[in-house]
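I have placed the structure first, in the form of structure tokens, so that the comments after it can refer back to it.
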Amino acid sequence: MTFNWFKFASPASFYPLAGRLIRSFWILTGVLLVIGLYWGFFQTADQLGGSNPQKEYYRIIFIHVPAAWMSMWLYIVLVFWAAIGLVFNTRLSFMMANAVAPTGAVFTFLALWTGAFWGRPSWGTYWDWDPRLTSELVLFFMYIGYIALHSAIDDTRRADRASALLAIVGLVMVPVIYWSINCPDPTQCAALHQRSGLGKIDTNILFSMLTMTLAFWMYSFATSLMRLRSIILTREAEASWVQELVSQEHPQ
Amino acid sequence: MWAVFWCVLKRDLLLALRRRTDVLTTLFFFIIVVSLFPLGVGTERQVLQILGPGVVWVAALLASMLALERLFAADYEDGTLEQMLLTAQPLSLLVLAKISAHWLLTGLPLVLIAPLVGMQYHLSDTQIGVMLLALLLGTPILSLIGAIGAALTLGLRGGGILLALLILPLYIPVLVYGAGAVEVSRIALADTEPYLLLLSAFLLAALTLAPLAAAAALRISLE
């Protein structure tokens, strides 16, 4: 049996597939969100800080950590599609990179925002120049730069390729930037690392956190595919299959 | 192959020396920004000593970024750039020559004026020396990374402000270690070595990778 991998690389054949996928991704998002939030609020230890009820705010991590993880992961996804687009010259890959970017930017912003709410009760300040916070802020700038460059160029082909190159340059620079923020003093780097690991987290909290991460992931799929469908329609507006689609839905 | 490098370098230098104001504006921008800070934050000696390294570096970042807009713009407008793309010589080498000329015209003057600026902030002699060295290593990196952004935003409306948005986040490592070296030299000169070594490493990496990326960006922009 031969399977044509490139069949769905054509916008015309991917458009209906995306339409079918979006519904299941939304359902998955809903179900996982409900499970994750329920578990996070009712099945985890009530007072993590012993007798101190103020520590209840730790439940922010069920939004904060998954959002931060997704913000980083989506940048890698973005660069992946941008690179595929540059190498294989496939239009759909650029559209995919383009569709992922706003969702990634939103998650980065969400991580920063919830981080501020976390910082206020636990550190006594909304913002601190903690390495993790600063790197997340830089990541946000990268997303904004990508989106800004893409929307500044009118010619779609140039916009796609230029912003793809920018995204790749960004990914090369990310480890260096992260490292430089993490270790402002190159000789004392290790002292700054926060020691944390998934194995040290309470099982209920971990379960809820991972479920929320999956929910956010499914949400990213759903929103990116929806955005992708609009991008396809806008860019292929002249194509005959789009014209047919429109005339079917709006018969004159 | 190096003949073409020298040729482009000489041409760019010659062109710039015929219009000296371009070079001087960048330099004076740097001096003005640095001189405005004490007026804003107060002229207390200790405050200035602490702020000095960071302010000088941020001003250098902004000055070199503002100058970047002109890196390819003139050649783009009169069509020279298109001819460069068509030559049989490797484009990244031509780009490297242009970047070198650009650094000699906008980066090097900043480095040379830095001691004067350091005195404005009451930095000690060792600190000024370290700052000179750090700027000497750091400003070429700014020109190299910036060239990628300049190539990407070539001929766009609002190119300058867009360039800032794209490039400034990428300047962070240079800023951190460049200012860090000067800061550390206040306490012990020996401690600056890792900073300067890291800056040198960044310079070598940027020297090999950035011209390639900038050349690719130029091809995309001029397609």
Side-chain angles (χ1 to χ4, degrees), chain A residues 75 79 82-83 85-87 89 94 105 108 129 131 134-189 192, chain B residues 141 144-149 151-181 183-184 187-188 190-199 201-202 205-206 209-210 212-223:
Chain A
Y75 192 77
V79 174
L86 277 184
V87 173
N89 234 332
F94 288 125
T108 321
W129 292 99
T134 318
S135 339
E136 193 70 9
L137 184 67
V138 173
L139 187 64
F140 186 58
F141 293 155
M142 302 272 219
Y143 274 118
I144 298 298
Y146 175 88
I147 297 170
L149 181 63
H150 196 282
S151 53
I153 307 176
D154 294 327
D155 174 27
T156 328
R157 188 177 150 80
R158 185 182 160 191
D160 279 340
R161 299 168 66 84
S163 48
L165 187 73
L166 179 74
I168 293 170
V169 172
L171 190 72
V172 174
M173 292 294 292
V174 157
V176 184
I177 295 174
Y178 178 76
W179 195 61
S180 71
I181 295 171
N182 237 312
C183 332
D185 183 348
T187 47
Q188 291 178 354
C189 199
L192 266 168
Chain B
I141 311 178
L144 283 160
I145 298 178
I148 306 171
L152 285 175
T153 56
L154 199 60
L156 297 182
R157 55 186 145 76
I161 199 81
L162 186 64
L163 183 63
L165 201 65
L166 305 187
I167 287 305
L168 285 180
L170 304 182
Y171 280 173
I172 292 173
V174 183
L175 174 67
V176 169
Y177 293 119
E183 192 59 48
V184 160
I187 302 151
D191 284 347
T192 57
E193 196 189 321
Y195 291 89
L196 296 177
L197 287 179
L198 268 175
L199 280 178
F202 289 159
L209 296 176
L212 292 173
L218 274 183
R219 286 197 196 282
I220 290 171
S221 292
L222 283 174
E223 213 165 47

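This is a predicted model, so every value here is computed, not measured. Here is the naming used below: chain letters follow the sequence lines, and residue numbers restart at 1 for every chain.
Across all non-hydrogen atoms, the minimal contact from B:P173 to B:F202 is CB-CE1, 3.9 Å. B:I148 and B:A213 get closest at one heavy-atom pair: CD1-CB, 3.8 Å.
The side-chain heavy atoms of B:L156 and A:R158, taken from C-beta on, include a pair separated by under 4.5 Å. Side chains of A:R157 and A:F94 form no contact here, defined as non-hydrogen atoms less than 4.5 Å apart. Looking only at side-chain heavy atoms (C-beta outward), A:M142 and A:T108 stay at 4.5 Å or farther from each other.
Residue contact with chain A, scored on non-hydrogen atoms closer than 4.5 Å, involves the backbone and the side chain of B:L152 alike. For B:Y171, no part lies near chain A; criterion is any non-hydrogen pair under 4.5 Å. In this structure, chain A has no heavy atom under 4.5 Å from any part of B:I161. Interface remark: B:L170 contributes backbone and side-chain atoms alike to the contact with chain A (heavy atom separation under 4.5 Å).
By number of non-hydrogen pairs under 4.5 angstrom with chain B, the leading residue of A:D155, A:I168, A:D154, A:I144 is A:D154. The candidate with the highest count of non-hydrogen atom pairs below 4.5 Å against chain A, out of B:L163, B:L165, B:L162, is B:L162. Most heavy-atom pairs under 4.5 Å with chain A: of the set B:I167, B:L168, B:V176, B:V184, this distinction falls to B:V176. The candidate from B:S221, B:A216, B:A217 with the greatest count of non-hydrogen atom pairs under 4.5 Å with chain A is B:S221. Ranked by heavy-atom pairs under 4.5 Å with chain B, the first of A:G170, A:A162, A:G145 is A:A162.
Judged by distance alone, with hydrogens and angles left aside, the side-chain atoms of A:Y75 form a donor-acceptor pair with the main-chain N or O of A:A167 at under 3.5 Å. The backbone N or O of B:P194 sits nowhere less than 3.5 Å from a side-chain atom of B:Y177 that would complete a donor-acceptor pair.
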